[in-house]
Each structure stands twice: as C-alpha cells, then as structure tokens.
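Comments concern the structure below.
In this text, all values refer to a predicted model and were calculated from it rather than measured experimentally. Each chain gets a letter, A, B and so on, in the order its sequence line appears, and its residues count up from 1.
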Amino acid sequence: MAECPPSLNPQQQAAVKNMDNPLLVLAGAGSGKTRVITEKIAYLIGQGLPAWHIAAVTFTNKAAREMKVRAGALLDDKKIRGLRVSTFHALGLDILRREHAALGFKSAISIFDEQDRTALLRELIKQNPDAVDSDPVEAHSWQISRWKNAFVTAQQACRLDDPELAEAARLYGDYTRQMKAYNAVDFDDLILLPVLLFQEQPELLEKWCNRIRYLLVDEYQDTNLTQYQLIKLLAGSIGRLTVVGDDDQSIYAWRGAHPENLVQLQKDYPRLQVIKLEQNYRSSGRILKAANQLIANNPHLFEKRLWSNHGPGEPLRVLSHGDEITEARQIASEIVHHRFKTGSRYRDYAILYRGNHQSRLFERTLREYDIPYNLSGGTSFFAYAEVKDILAYLRLLTNPDDDSAFLRIINTPRREIGTGTLEKLGQYANRRHIGLFPACFELGLEQQLPERAVQRLRRFCEWLVDTADRAERGDTFAVIREFIDRLGYEQWLKESSKTERAAQRKIANVHELIGWMQRLTDQEEKHPPLSDLVAKVMLFDILERNQEENVSDRVNLMTLHAAKGLEFPYVFLIGMEENLLPHQTSIEENNIEEERRLAYVGITRAQKQVTFSYCTRRKRYGEMTDCTPSRFLDELPAEELEWSGKQSIDPEEKKERGMASLAQLRDLLTEQ
DNA sequence: TTATCCAAGATTTTT
DNA sequence: TCTTGGATAA
C-alpha cells in the first residue's frame with residue numbers, strides 16, 4: 001500500500017468527520033480513498049452509530065475484503081460486529097433472499113451467468129421462428145443487459161419503438177417471464193429487482209432504510225443508473241451517504257457505468273458537500289505531471305490536480321521496437337537487469353496492456369527468461385466447464401425449476417438422453433407450463449416418449465430428489481461428495497479430456513469448488529441452506545482468493561482494467577500504439593476519452609517509474625502490419641520523456657541494454 | 001450421438 | 001494466427 005500520512009490530511013479529516021450532509025469525495029489516484037472510507041466507518045461507530053446500521057458497498061470482492069480487514073484493524077471485533085461490507089451484487093442478493101416472496105419468487109433462487117442467459121435466449125429465439133432476425137444472440141443478450149443497467153424494464157423497452165431494438169425488446173419480455181418461471185435471476189437482476197421492489201413497496205424500503213442508516217459507496221464513478229437508484233433509495237431523502245469516486249478513473253462506461261452520476265448527485269442532493277483529495281501518496285512528481293497533463297485533454301466534471309511531496313523521481317521512458325517479439329524480449333531482459341541492479345523483487349514490476357491477447361507473448365518470453373510471473377484476469381474459475389457442471393447440479397438440487405441447469409447436466413456425463421428426447425420433453429413441459437424436471441414425473445409424458453426414455457429420465461430425477469432430501473437433513477457435504485462420486489463425473493472427465501494432465505486439473509477444480517463451499521459453510525455459526533450457498537458462490541471468484549493467498553514474488557501481468565486500484569514501483573505500459581491503445585473500435589466509435597482514462601489509470605499505478613513501449617511493426621491476426629505510436633505519447637510532457645529505441649540509441653548501448661543473449665542472462669542469474 | 005472440420009471473428013468484463 | 005461454435009458426416 002502507499003505510505004499514508006501518520007495522521008489524516010485536512011481534506012481527509014473533513015471527509016471523515018462530515019456526517020450531517022450527503023458527501024461526495026473526489027479522490028484522485030493514490031490519494032488514500034480506502035483509508036478515508038475505513039476511517040469514516042470507525043468514526044461513525046465512535047460517534048455512537050452501531051456497526052450494524054452501517055453499510056459499505058464496493059464493486060469487487062477483493063475491495064470488500066480489503067476494506068473489512070482494514071476496518072477490523074481500526075476497531076475491536078465487538079464494535080465491528082454486524083458491519084456490512086459487501087459488493088453491490090451481494091447486497092442485492094441479500095435483499096432478494098429476504099424479500100423473495102414479495103417479488104413472487106420461491107426461496108431457492110438460481111443465479112444465471114452470461115452463458116446461461118445466452119443459452120436461454122437462443123432457445124427463445126428458436127421458439128419464435130417467424131421472426132427473421134440476423135443479429136447474433138450475444139447482441140440481444142448484451143442489449144438486455146444494457147437496459148437492465150440503465151434502469152429500463154421490459155415494458156419500457158417495448159415502448160421505445162425502435163425498429164432496430166424491437167426484437168431485443170420482445171426477447172427481453174420473454175426472457176423475464178421465463179426467468180421467473182425458472183425461479184432464477186441474472187447478475188443485473190440482483191440490482192434491478194430490489195430497486196423495483198422498493199419502488200412498489202415503500203414499507204419494505206422503510207424497513208431496509210431503518211437497518212442501513214449510513215451508506216458508503218466506493219468507486220462511485222463506476223455505478224450504473226440502476227445502482228444509483230438503489231443508492232438513492234437506501235440513502236433516503238436526507239442522504240445519509242458518503243460516496244467516493246474519481247471521474248478520471250471511469251473505465252467501465254462500456255459496461256453501463258454512468259460517471260454522470262457524480263453530477264446527478266449534486267442535483268438530487270442540494271445539500272451535497274464536495275471534498276477533493278488531491279494529494280497523492282503514491283507516485284513521484286514526474287509521473288503525476290505526466291498523468292495530469294494527459295488527462296487534461298479530457299473534459300471534466302470536476303477539476304482536479306494531483307500533487308505530491310515525493311521528489312520528481314526518474315524520467316518516463318519510451319521504448320521503440322521493431323516488432324512485438326523484440327518488445328517482449330527487451331522488457332524481460334530489462335526486468336532481469338534492473339532487478340539485479342537495484343535489488344528489487346519481481347513483484348515490484350507490472351506489465352500492463354490493453355487486451356488479454358497481449359499477455360500470451362509475454363508469458364512465453366518471461367518463461368524463456370526464467371522470470372516468474374502472475375497472470376491476473378483471463379478466464380475466471382467459474383468459466384471452467386467442470387465448475388459450471390457441478391454448480392448446475394447443485395442448482396438443480398435446490399431449485400427444480402432451473403431448466404438451464406437441467407439442460408446443462410442431463411446428459412453430462414452421458415446418460416443416453418439425446419436432443420430428440422429433450423425436444424419432446426421440452427414441448428410437453430411447455431404445454432403444461434412447468435419446468436423440465438417436474439415434467440419428468442408427469443404421467444402424461446408417457447404418451448409423448450418411448451418408455452425407455454421416460455424410464456431413464458425418471459431414474460435420474462428420482463435419484464436427484466433423494467439426494468436433495470438427504471442433503472437437506474444430513475451432513476450436506478458428505479452427501480454431495482457421495483453424489484459426485486456416484487455420478488461418475490471424475491471418470492467422465494478422465495475419458496473426455498485430451499490429456500491426463502488436463503483431466504487432473506479439472507478434477508482438482510471440482511475438489512477446490514466443493515472444499516471452498518464447505519469452508520464457507522463452516523465459517524458460519526448456523527449452517528446456511530445449500531441454496532443460499534450456491535447463490536453466494538456464484539458471486540465469488542475462487543481464483544481471486546487464490547491470488548490473495550499467493551503472496552509470491554512474481555512479475556505482474558494484467559490488463560489496464562484489472563490494474564485499477566493496484567500499485568507497483570515499476571510499471572511497463574506495453575503496446576502504446578494507435579489501434580491498440582486507443583483501441584481500434586474506440587477510435588471508430590470516437591470514444592477516445594475512456595481510452596485516455598485507461599492510459600491515465602496505467603500511469604498512476606506507478607510509484608517510481610513508468611516505461612512505455614511500442615512497436616513500429618507488429619503481427620496482427622497473423623499478418624505483419626505497420627504501427628503508429630499512440631497519440632497519448634504526444635500528449636505527455638515531452639521534456640520529461642526519455643526516448644530510446646532504434647532512432648535515438650547508439651548501437652553499442654543497444655547491444656548492452658536490450659539484446660543480451662539468453663546465455664548471458666542465465667550466467668547473470670547463476671552468479672547471483 | 002458424437003467427432004471432426006471449417007469459417008468467422010478477434011476490447012475491456014468488477015458481478 | 002488462434003479460438004470458438006455451428007454444421008455436417010459417420
């Protein structure tokens with residue numbers, strides 16, 4: 001973490017102590033915003049507001065965890081009991097779980113991820129063959145999500161009368177009805193449904209407002225319109241509320257984030273106080289100067305200028321390379337040399353890039369150079385097919401209406417239940433307006449399907465019912481383990497995997513998932529029902545947790561998005577080229593500002609030094625293409641930049657600095 | 001029902 | 001160039 005001042009600076013103090021007015025804290029990068037939130041929680045409790053009346057909301061599990069830990073360090077356990085620190089989605093889930101009846105849901109709610117949503121939409125499109133539609137399913141799925149994030153209901157979407165979106169609007173309605181039938185919600189619903197509920201039933205809102213008497217919101221610039229509605233409802237008309245944000249770090253507009261919420265706050269709460277935190281405790285002067293100058297090219301909701309007490313520090317460097325292979329090699333070799341020269345650790349370095357695909361070459365190169373690295377982002381644990389399968393089984397055990405889960409696992413592992421059978425089952429269930437699982441037990445099904453098929457379905461379903469029963473009553477996890485065992489799932493993984501190693505990895509993932517859920521259960525005094533657990537698990541990412549535990553000494557590889565909120569002594573910003581950063585599609589859509597903020601986020605991650613690098617030629621989609629250095633490089637203070645690369649560097653130095661052979665490097669390492 | 005091939009497309013992704 | 005998913009053949 002950045003060094004914090006021994007005591008809070010005047011602005012931070014003002015932010016902590018202001019509790020009578022709604023408060024907006026404009027916290028620049030590295031200005032100690034997490035500290036302000038945690039200190040404020042401690043202050044509120046010190047002023048006599050019990051912890052269980054305070055809620056702090058973040059966007060990531062990681063941020064929530066960090067906040068909990070840091071609040072815990074300020075206060076003793078007793079005082080902090082009941083404090084709610086969670087993600088938006090976890091808060092929404094909690095509301096839904098407690099108020100499900102008011103929304104017409106049964107208690108065991110399934111949570112659908114994007115894949116589930118897309119699969120369901122695909123089904124819905126198939127069911128309506130007269131609609132000639134060329135748009136891919138993903139486009140509709142995305143549009144529906146956009147609507148949900150922008151607080152547009154299905155009815156409102158239908159009334160938009162936009163022929164381009166008519167099909168999506170129709171699907172939105174069908175989808176919403178179908179989800180209700182499945183007793184399922186998606187991630188966006190976790191925010192949207194509580195808002196709709198509170199609007200319709202003020203007495204429930206009052207209950208929750210009574211419970212949450214002070215609300216703190218982290219990364220406020222990332223809230224979407226629906227989340228803002230939820231904040232406004234919970235904070236009430238008085239606005240017992242502190243939000244902390246930075247419009248310069250808004251990099252999620254493409255996902256529905258609405259940084260204008262910063263201004264809206266001023267309109268909705270005339271008594272709003274605004275406090276700016278501009279002192280930076282992270283970076284050296286030159287880095288801040290560069291960051292300030294770059295971001296000055298964007299229009300601003302609020303003016304803000306970062307400064308720091310640190311010295312000017314080292315100049316910013318720009319490296320030029322002939323191609324991406326040279327780029328990767330030179331950076332790898334620089335890290336080796338620099339680390340050796342300064343006695344730094346691997347984990348002091350971060351290599352940041354715009355797109356995930358850029359990591360691949362760097363991974364390979366770092367391996368060649370024997371540099372340990374950590375890759376964050378990429379595929380999440382829950383994207384693994386084996387994890388999704390097991391979760392689908394668990395979902396079906398707790399929620400028999402979850403057709404998505406049913407379809408996913410009915411023939412995984414193979415049970416000789418093919419599409420023909422499922423098609424007929426689906427038609428029957430549709431006619432009877434029931435789920436696929438309940439349909440299997442109906443007598444009428446026997447007229448539709450051959451007896452063998454019915455038998456197979458029933459045998460499987462009866463087994464599930466029996467398992468669910470025993471899991472409810474007995475030792476839940478013993479039952480689940482036995483269930484997975486009897487499924488023959490591991491055997492199936494072995495058979496279907498290409499290599500033995502892949503199979504072992506998948507099996508390990510399954511164990512990890514179950515073990516993790518069990519630990520989660522054991523933490524709670526009263527064992528929560530399985531359905532709660534399954535829902536909760538959907539909101540977490542186990543990989544994230546692993547990386548926390550893994551405090552090993554590794555170079556960090558991540559996207560600029562993933563880097564937000566983190567800091568490193570030495571930062572490499574690679575691929576500083578037009579069409580890469582700013583990204584091509586953003587140029588086409590004329591959305592340079594968000595790209596500029598991405599660059600800004602990248603620069604402000606650095607404590608001591610930033611190194612930019614670009615290539616003059618690069619392989620793209622398998623073809624060598626010419627590249628132009630990013631326009632953002634021109635927007636930086638030229639006098640603080642030190643260019644090196646083929647134009648400016650003399651051949652001797654180049655040889656010495658960049659092109660050391662692998663053998664030389666190995667020698668260097670062994671000497672050490 | 002499953003295996004294999006081919007064509008299209010290729011940002012970012014907190015939950 | 002690599003991945004993904006849909007179509008097609010066995």
Does any N or O in the side chain of [X] come within less than 3.5 Å of the main-chain N or O of [Y], such that one atom is a donor and the other an acceptor?
| X | Y | result |
| --- | --- | --- |
| A:Asn399 | A:Tyr182 | yes |
| A:Tyr600 | A:Leu294 | no |
| A:Glu593 | A:Pro299 | no |

Between A:Gln264 and A:Tyr228, do the side chains contain a donor N or O and an acceptor N or O under 3.5 Å apart?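 Side chains of A:Tyr228 and A:Gln264: no pair found under 3.5 Å.
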As a test of reading the structure: which of [options] is closest to the side chain of [X], going by heavy atoms?
| X | options | answer |
| --- | --- | --- |
| A:Thr87 | B:dT15, B:dT14, B:dT11 | B:dT15 |
| A:Tyr621 | B:dT15, B:dT11, B:dT14 | B:dT11 |
| A:Phe187 | B:dT14, B:dT15, B:dT11 | B:dT15 |
| A:Arg360 | B:dT13, B:dT11, C:dT3 | C:dT3 |
| A:Arg354 | C:dT3, B:dT11, B:dT14 | B:dT11 |

Between the base of B:dT11 and the ring of A:Trp254 - centre-to-centre under 5.5 Å, planes within under 30° - is that a stack?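 Stacking between A:Trp254 and B:dT11: absent.
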Under 5.5 Å and under 30°: A:His89 stacked on B:dT15: no
So [X], base contact, sugar-phosphate only, or nothing? Heavy-atom distance under 4.0 Å.
| X | value |
| --- | --- |
| A:Glu138 | nothing |
| A:Thr58 | nothing |
| A:Tyr252 | base |
| A:Glu594 | nothing |

Does [X] place a side-chain N or O at less than 4.0 Å from the phosphate oxygens OP1/OP2 of [N]?
| X | N | result |
| --- | --- | --- |
| A:Asn61 | B:dT15 | yes |
| A:Thr559 | B:dT13 | yes |
| A:Arg122 | C:dG6 | yes |
| A:Asn356 | B:dT12 | yes |

Quick check: on DNA chain B, is the nucleotide nearest A:Met538 upstream (toward 5') of the one nearest A:His357, or the reverse? Name the residue that is more 5'. A:His357
What integer distance in Å separates [X]:[atom1] from [N]:[atom2]?
| X | N | atom1 | atom2 | value |
| --- | --- | --- | --- | --- |
| A:Lys62 | B:dT15 | NZ | P | 10 Å |
| A:Asp113 | B:dT15 | CG | P | 13 Å |
| A:Trp142 | B:dT13 | CH2 | P | 15 Å |
| A:Glu623 | C:dT1 | CD | P | 9 Å |
| A:Gln249 | B:dT14 | CD | P | 17 Å |
| A:Asp188 | B:dT15 | CG | P | 14 Å |
| A:Gln584 | B:dA10 | CD | P | 11 Å |
| A:Asp246 | B:dT14 | CG | P | 20 Å |

What interatomic distance, in whole Å, is found between C1' of B:dT12 and the corresponding atom of C:dG5? 22 Å
Distance between the C1' atoms of B:dT11 and C:dG6, in whole angstroms? 24 Å
Is the distance from the ring center of A:Tyr252 to that of A:His561 below 6.0 Å?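 For A:Tyr252 and A:His561, the ring centres are under 6.0 Å apart.
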From OG1 (A:Thr559) to CG (A:Leu375), nearest 0.5 Å: 9.5 Å
How many angstroms lie between CG in A:Asn149 and CH2 in A:Trp142, if you round to the nearest 0.5 Å? 10.0 Å
Once hydrogens and angles are ignored, does a donor-acceptor distance under 3.5 Å link the base of B:dT15 to the side chain of A:Arg255? yes
